Amino acid sequence: IDIDNLKYINDKFGHNEGDYAINTVAKALEFISENGEICARFGGDEFIVAGSYDSDEYRSNYEKRFNDYLEYFNENTTKPYEVRASFGMVVDEFNGVNNIDDLIKIADERMYARKSGKGNHYRTR
(Lines give C-alpha, C1' and ligand atoms only; values in the text may rest on other atoms or scores of the structure.)
Protein backbone atom coordinates (compact mmCIF):
# COMPACT_ATOMS: atom_id res chain seq x y z
CA ILE A 1 0.00 0.00 0.00
CA ASP A 2 1.42 3.36 -1.00
CA ILE A 3 -0.02 6.71 0.05
CA ASP A 4 -1.08 8.80 -2.93
CA ASN A 5 0.29 12.34 -3.18
CA LEU A 6 2.19 12.35 0.12
CA LYS A 7 4.88 14.60 -1.37
CA TYR A 8 2.18 17.09 -2.31
CA ILE A 9 0.76 17.02 1.23
CA ASN A 10 4.24 17.51 2.72
CA ASP A 11 5.17 20.31 0.30
CA LYS A 12 1.86 22.19 0.46
CA PHE A 13 0.80 21.69 4.09
CA GLY A 14 4.00 20.69 5.93
CA HIS A 15 5.56 17.50 7.22
CA ASN A 16 3.34 17.39 10.30
CA GLU A 17 0.38 17.01 7.95
CA GLY A 18 2.28 14.35 5.99
CA ASP A 19 2.82 12.49 9.25
CA TYR A 20 -0.89 12.86 9.97
CA ALA A 21 -1.71 11.27 6.59
CA ILE A 22 0.68 8.38 7.32
CA ASN A 23 -0.95 7.86 10.72
CA THR A 24 -4.39 7.95 9.11
CA VAL A 25 -3.43 5.08 6.80
CA ALA A 26 -1.98 3.16 9.75
CA LYS A 27 -5.21 3.64 11.69
CA ALA A 28 -7.23 2.48 8.69
CA LEU A 29 -5.20 -0.73 8.51
CA GLU A 30 -5.51 -1.27 12.24
CA PHE A 31 -9.29 -0.72 12.08
CA ILE A 32 -10.01 -3.06 9.17
CA SER A 33 -7.67 -5.91 10.16
CA GLU A 34 -9.74 -8.56 11.84
CA ASN A 35 -7.88 -11.85 11.29
CA GLY A 36 -4.53 -11.17 12.93
CA GLU A 37 -2.92 -9.53 9.90
CA ILE A 38 0.52 -8.08 10.41
CA CYS A 39 0.54 -4.47 9.22
CA ALA A 40 3.85 -2.66 9.01
CA ARG A 41 5.20 0.55 7.62
CA PHE A 42 7.68 -0.58 4.99
CA GLY A 43 9.13 2.73 3.89
CA GLY A 44 8.37 6.42 3.91
CA ASP A 45 4.81 6.12 2.64
CA GLU A 46 4.49 2.39 2.03
CA PHE A 47 2.86 -0.29 4.14
CA ILE A 48 2.82 -4.08 3.92
CA VAL A 49 0.07 -6.33 5.19
CA ALA A 50 0.60 -10.05 5.66
CA GLY A 51 -2.10 -12.41 6.74
CA SER A 52 -3.62 -15.82 6.49
CA TYR A 53 -6.98 -15.76 4.76
CA ASP A 54 -9.39 -18.67 4.86
CA SER A 55 -12.05 -16.83 2.91
CA ASP A 56 -11.90 -15.34 -0.59
CA GLU A 57 -14.66 -12.95 0.48
CA TYR A 58 -12.58 -11.56 3.34
CA ARG A 59 -9.56 -11.06 1.10
CA SER A 60 -11.56 -9.45 -1.69
CA ASN A 61 -13.26 -7.06 0.73
CA TYR A 62 -10.05 -5.99 2.48
CA GLU A 63 -9.23 -3.21 0.02
CA LYS A 64 -12.86 -2.09 -0.09
CA ARG A 65 -12.99 -1.78 3.71
CA PHE A 66 -9.73 0.18 3.63
CA ASN A 67 -11.04 2.59 0.98
CA ASP A 68 -14.35 2.93 2.83
CA TYR A 69 -12.42 3.94 5.96
CA LEU A 70 -10.48 6.60 4.06
CA GLU A 71 -13.64 7.82 2.35
CA TYR A 72 -15.33 8.25 5.73
CA PHE A 73 -12.23 10.04 7.04
CA ASN A 74 -12.12 12.38 4.03
CA GLU A 75 -15.81 13.21 4.31
CA ASN A 76 -15.58 13.96 8.04
CA THR A 77 -12.29 15.78 8.46
CA THR A 78 -11.44 19.44 8.38
CA LYS A 79 -8.08 18.69 6.78
CA PRO A 80 -7.50 20.65 3.55
CA TYR A 81 -6.46 17.49 1.66
CA GLU A 82 -7.73 13.97 1.09
CA VAL A 83 -5.87 10.85 2.18
CA ARG A 84 -5.83 8.17 -0.53
CA ALA A 85 -3.64 5.13 -1.16
CA SER A 86 -2.92 2.56 -3.87
CA PHE A 87 -3.00 -1.21 -3.32
CA GLY A 88 -1.06 -4.06 -4.87
CA MET A 89 -2.13 -7.50 -3.69
CA VAL A 90 -0.54 -10.91 -4.04
CA VAL A 91 -2.02 -14.15 -2.79
CA ASP A 92 0.38 -17.06 -2.45
CA GLU A 93 0.19 -20.37 -0.65
CA PHE A 94 3.94 -20.33 0.08
CA ASN A 95 4.42 -23.55 -1.77
CA GLY A 96 8.12 -22.89 -2.26
CA VAL A 97 7.73 -21.10 -5.59
CA ASN A 98 8.03 -17.58 -4.19
CA ASN A 99 9.88 -16.13 -1.25
CA ILE A 100 8.80 -13.01 0.64
CA ASP A 101 11.03 -10.75 -1.48
CA ASP A 102 9.41 -12.07 -4.67
CA LEU A 103 5.93 -11.47 -3.25
CA ILE A 104 6.79 -7.91 -2.22
CA LYS A 105 8.21 -7.21 -5.67
CA ILE A 106 5.06 -8.52 -7.38
CA ALA A 107 2.76 -6.55 -5.06
CA ASP A 108 4.87 -3.42 -5.57
CA GLU A 109 4.66 -3.74 -9.37
CA ARG A 110 0.88 -4.17 -9.19
CA MET A 111 0.50 -1.23 -6.83
CA TYR A 112 2.57 1.10 -9.04
CA ALA A 113 0.62 0.02 -12.13
CA ARG A 114 -2.61 0.98 -10.38
CA LYS A 115 -1.11 4.19 -9.00
CA SER A 116 0.07 5.33 -12.44
CA GLY A 117 -3.45 4.84 -13.77
CA LYS A 118 -4.80 7.30 -11.21
CA GLY A 119 -2.70 10.22 -12.41
CA ASN A 120 -1.63 13.01 -10.10
CA HIS A 121 -4.89 14.52 -8.98
CA TYR A 122 -4.21 16.72 -6.01
CA ARG A 123 -7.57 17.11 -4.41
CA THR A 124 -7.88 19.66 -1.69
CA ARG A 125 -10.88 20.91 0.18
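A quick note: this is a predicted structure, and the numbers were derived from the prediction, not measured.
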All ring-ring contact (aromatic ring centres under 6.0 Å, His included) counterparts of F31, not counting sequence neighbours: Y69
Applying ring-ring contact (aromatic ring centres under 6.0 Å, His included), name anything that partners F66, two or more places apart in sequence or on another chain.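 ring-ring contact (aromatic ring centres under 6.0 Å, His included) check on F66 returns F87.
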Which residue pairs pass the salt bridge (Lys or Arg N to Asp or Glu O under 4.0 Å) test when at least one of the two sits in residues 13-25, sequence neighbours left out?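 Qualifying pairs, neighbours excluded: E17-K79.
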Check whether more than 12 heavy atoms from other residues, nucleotides or ligands sit under 6.0 Å from atom CD of E30, and answer yes or no. no
Taking all non-hydrogen atoms of both residues, which atom of [X] and which atom of [Y] are closest, and how far apart?
| X | Y | result |
| --- | --- | --- |
| E46 | D2 | CG-OD1, 3.0 Å |
| I9 | A21 | CD1-CB, 4.1 Å |
| C39 | L29 | SG-CB, 4.1 Å |
| G44 | L6 | O-CD2, 4.4 Å |

Distance (rounded to the nearest 0.5 Å) between I32 CD1 and E37 CD: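 Those atoms lie 7.5 Å apart.
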Look up atom CG in N5 and atom CG in N10, then write down how far apart they are to the nearest 0.5 Å. 11.0 Å
Is there a donor in the side chain of S86 and an acceptor in the side chain of D4, or the other way round, less than 3.5 Å apart?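 Looking only at side-chain atoms, D4 and S86 do form a donor-acceptor pair, the distance falling under 3.5 Å.
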Considering the options N67, N61, D68, which one meets the side chain to side chain donor-acceptor pair (under 3.5 Å) requirement together with K64? D68
What orientation do Y8 and F13 show, parallel under 30°, tilted 30 to 60°, or perpendicular over 60°? perpendicular
Out of I22, I1, I48, which one pairs with R41 under the side-chain contact (heavy atoms from CB on, under 4.5 Å) rule?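 Of I22, I1, I48, side-chain contact (heavy atoms from CB on, under 4.5 Å) with R41 is met by I22 alone.
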Could you tell me whether the side chain of E71 reaches within less than 4.5 Å of the side chain of R84, counting heavy atoms only? yes
Does the side chain of K27 reach to within under 4.5 Å of the side chain of F73, using non-hydrogen atoms?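 Side chain of K27 against side chain of F73, heavy atoms only: no contact under 4.5 Å found.
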Carefully, step by step, assess T77 and V83 under the rule side-chain contact (heavy atoms from CB on, under 4.5 Å). CA-CA 10 Å; T77 187; V83 177; over 6 Å; no
